[in-house]
Amino acid sequence: MKKKSMLVAMALLLGWMGCRADEGMWIPMLLKKYNIEDMQKQGFKLTAEDVYSINQASLKDAVVGLGREGYPFSHFCTAEIISDEGLMVTNHHCAFDMIQSHSSLEHNYLRDGFWAKDKQDELANPGITASILVRMEDVTDRINAQLTPEMSAEERNAKIKQVAARLEAEAVKGTNLQANIKPYFNGNQYFMSVFKIYKDVRLVGAPPSAVGKFGGDTDNWVWPRHTGDFSVLRIYAGKDNEPANYSPDNQPYKPSTFFKISTKGLKEGDFTMVFGYPGTTKEYLTSYAVEQIQDIENPHKIAIRTAKLNIINAAMESDELLRIKYAAKAASVANSWKKWQGEIKGLKRFNTVEKKQQEEQAFRQWAAGKPAYAHLLDQYKSLYDKRKDLILAQAYLTEAGKQGAEIVMWSAKVYNTLGSKEFINNPEQIRERIKAAAKEFYKDYDPATDCKILVEMLKLYNENLPAAWIPAEVQAAIAKKGVEAYAASLFKNSVFASEEAFNAFIDKVDGKSCRKLEKDPAYYLYHSIDLFYADNIYPELSRIENEVKVLDKTWLAAQMEMHPDKHFYADANSTLRVAYGKVQGYVPCDAVYYKHFTTLAGIMEKDNPEIYDYDVPQRLREIYEKKDFGRYTQDGEVPVCFIATNHTTGGNSGSPVLNAEGHLIGINFDRAWDGVMSDIQYNPEICRNISVDIRYVLFIIDKLAGASHLIDEMVIVD
Ligand code: ARG
Ligand code: ASP
């Protein structure tokens, strides 16, 4: 009997792992054609029209792409509307910059959390945009109609750009909408997305970092997880409910629909759908490309960031003000740093390069005798051979050089603004703009820490690049004085190293005297690196990358021809997508099974006042002691996070996680360590997205923050 039930359990486990492909990020307007039947088979109860419709309110109207002014189509995160007054939730880490920018030693919202008592109290975040998709359109034929086989790659690109700009303009003429065309399937198809973009997004609430970033960078990318990674925002609109710049007179936005919240609870196997804006995936790379990521790009970028993080973390440990200043920077440096490590691990563990090589072998056989494809892989190989050294140089020139010490980048930003025509035409306005940017910059800047970073960056540069790849001026300066002395004198003599010196300079500078900056040592360093890059790396590297792009288009078209029955999905490109799968645990390694959810009890297990990342707020300890859990429990426990098989990537953070009825059950925020390579190779056995359970979100808002007025705005169903 016992044996039999074990067998059944094993069969079930194998069945779960039996690779029903949950891979894919699907295009909402094509669900009806390609996915809805399968989704319904997996348990989804709604129709394709319920998800995406241009005739009636549909779920897409409540999904929001968060962007920045000037770059509204590069969504850095997703958010979702949960009330008829434009209330939204996203992740804590998505609003981290907003929370940080409102924080000071007196009002430390990062540490203590922030909850607006009423709408008057909600905090404006200039520059943040909230895009809502109005409709999508396949414009492939209209673009292709303008292309001819005789065109060179450059001519084609120029033509595509020109036609796309015209189509975008035509699509929104006479409206307050904005259109954006992007390539899909490596440029084999083009879709236009038309958005309404709201420009007044306010911070309504955020839990303390000890909840919203619980586990910090230690637990980042890791399951089991106990992070309450959420924050609350609100969209404001003009009196006509249309997009408007920030104004105290703006009104809460009235959406055509919003997500209802389900507290029904979840179990393994339940259908889940993630609806959001995944940024970038590279699922159709060749083995040559994956090899370079695994063996060159990732390892060197990791080494550079390790050096940075050692310095930043030590500074943050030493002083509370430095912790505030560097919190957002450290989190963003650490995030990719850790992800790249997980990616290498996963690629090696699942032999991605070898698997791709085998597939390529099969491709070679299939393509033999087909003139369009027979030499494709050889062409790839020769391009990637040439790319190898250039990509290494690029990693150092950018990560360690231009983006190494902050002073270097900052000097360039100021120099470029002062050197612009705008400054000559409009000096006072531009001066004020620079002063405002400087205030932001120096608020979070510590020259002593930055100087240490510069020293380490230059050392790494010297150790890892052949002399031929290091700008001569940099070599000379270092050879003369040694790295430490060079960096010290740079900070001593640069006008960018202190806020006072900078302000004194900027007050007096004019269109002529700004040229003096060319001799400033920080800018001089930037300029030498930039010039070297522009002369020696960029032209050849971009030529190669452009040629690779041309091959990529043919490569994917050939794959589709070779596998006519396979259902391909387009790589993520920061456009709205649907991923569907189910709640499910996984086996990370021999003999271990990870359950699909975590609970508040697990937070208490991790509690340790000595460790910053695990120091549970005292009030939460008390609530736990008293078991004051309200209605936010399942089997007597407060659920915190759960995992599922939805295929997600960066940009999907903050995305709504929906159940079979289309109700909100969680907010997506991360992926589990063993499957982080999913941007390059998805593996259904082990790739899991991590979401914060909506009941934990409600529990924190209600019990920890006492902000039940927000809960009253929501519609909660069972
Ligand atoms: N790994 C998640 C993502 O890629 C969360 C990052 C924020 N958290 C952090 N500890 N840095 O965005
Ligand atoms: N944490 C990511 C984000 O911010 C999501 C992911 O990479 O899985 O979008």
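Both ligands and their constituent atoms are indexed starting at 1 by order of listing.
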Enquirer: Say whether T648, considering both its backbone and side-chain N or O atoms, lies within less than 3.5 Å of an N or O atom on ligand 2.
Expert: no
Enquirer: Return yes if some donor-acceptor pair links the side-chain N/O of Q341 with the main-chain N/O of W337 below 3.5 Å, else return no.
Expert: yes
Enquirer: To the nearest 0.1 Å, how far is atom 5 (C) of ligand 2 from its closest protein heavy atom, and which atom is that?
Expert: S653 OG, 3.3 Å
Enquirer: Quick one: look up the protein heavy atom nearest atom 6 (C) of ligand 1 and list residue, atom name and how far away it is.
Expert: N335 OD1, 3.2 Å
Enquirer: Quick one: look at F669 and ligand 1, take heavy-atom pairs under 4.0 Å, and tell me if it's side chain, backbone, both or neither.
Expert: backbone
Enquirer: So is W221 in contact with ligand 2, going by heavy-atom distances below 4.0 Å?
Expert: yes
Enquirer: Could you list which atoms of ligand 1 come closer than 4.0 Å to a heavy atom of K213?
Expert: 9 (C), 10 (N)
Enquirer: Counting from 1, what ligand 2 atoms have a heavy atom of H93 closer than 4.0 Å?
Expert: 1 (N), 3 (C), 4 (O)
Enquirer: Is the side chain of R621 donor-acceptor paired with the backbone N or O of V616 at a distance under 3.5 Å, no angle test?
Expert: yes
Enquirer: Decide ring pair (Phe, Tyr, Trp, His ring centres under 6.0 Å) for F568 and F185; before the verdict, give the C-alpha distance in whole Å, the side-chain angles of both, and the deciding distance to 0.1 Å.
Expert: CA-CA 9 Å; F568 286 81; F185 298 103; 7.7 Å; no
Enquirer: Tell me the protein heavy atom at minimum distance from atom 7 (O) of ligand 2, and give that distance in Å.
Expert: R671 NH2, 2.8 Å
Enquirer: What do the steps show when you test F73 against F195 for ring pair (Phe, Tyr, Trp, His ring centres under 6.0 Å), and what is the final call?
Expert: CA-CA 9 Å; F73 308 118; F195 295 101; 5.8 Å; yes
Enquirer: Kindly confirm or rule out a cation-pi arrangement of R688 over Y594, judged by NZ or CZ under 6.0 Å from the six-membered ring centre and within 45° of its axis?
Expert: no
Enquirer: Anything under 30° is parallel, anything over 60° is perpendicular, the rest tilted; go ahead and classify F214 against H226.
Expert: perpendicular
Enquirer: Applying ring pair (Phe, Tyr, Trp, His ring centres under 6.0 Å) to H567 and W26, what does each step give before you reach the verdict?
Expert: CA-CA 11 Å; H567 185 185; W26 308 101; 4.3 Å; yes
Enquirer: Which atoms of ligand 2 have any heavy atom of N652 under 4.0 Å away?
Expert: 9 (O)
Enquirer: Specify the protein heavy atom at minimum distance from atom 9 (C) of ligand 1: its residue, its atom name, and the distance to 0.1 Å.
Expert: D217 OD1, 3.3 Å
Enquirer: Can you confirm whether V64 sits close enough to T78 that some side-chain heavy atom of one is under 4.5 Å from a side-chain heavy atom of the other?
Expert: no
Enquirer: Look at ligand 2 and say whether K339 reaches it with a heavy atom at a distance under 4.0 Å.
Expert: no
Enquirer: Should D229 be counted as touching ligand 1, given the test is an N or O pair under 3.5 Å?
Expert: no
Enquirer: Can the ring centres of Y569 and H647 be said to be less than 6.0 Å apart?
Expert: yes
Enquirer: Ring centroid separation for H102 and Y109, is it under 6.0 angstrom?
Expert: no
Enquirer: Touching ligand 1 at all, G216? Heavy atoms, strictly under 4.0 Å?
Expert: yes
Enquirer: Out of N220, N91, T227, who gets a non-hydrogen atom closest to atom 5 (C) of ligand 1?
Expert: N220
Enquirer: Can you check whether F669 has an N/O within less than 3.5 Å of an N/O in ligand 2?
Expert: yes
Enquirer: Between K308 and E399 (side chain of the first, backbone of the second, donor and acceptor by atom type, cut-off under 3.5 Å), is there such a pair?
Expert: yes
Enquirer: Which protein heavy atom lies closest to atom 12 (O) of ligand 1, and at what distance to 0.1 Å?
Expert: H93 NE2, 3.1 Å
Enquirer: Could you identify the single nearest non-hydrogen protein atom to atom 9 (O) of ligand 2 and state the distance to 0.1 Å?
Expert: G651 N, 2.5 Å
Enquirer: Looking at Y614, I'd like to know if the NZ or CZ of K606 sits under 6.0 Å from its six-membered ring centre while staying within 45 degrees of the ring's axis.
Expert: no
Enquirer: What's the shortest distance from atom 2 (C) of ligand 1 to any protein heavy atom, and which residue and atom give it?
Expert: D670 OD1, 3.2 Å
Enquirer: If we set the cut-off at 4.0 Å for heavy atoms, which region of N91 has an atom near ligand 2: side chain, backbone, both, or neither?
Expert: neither
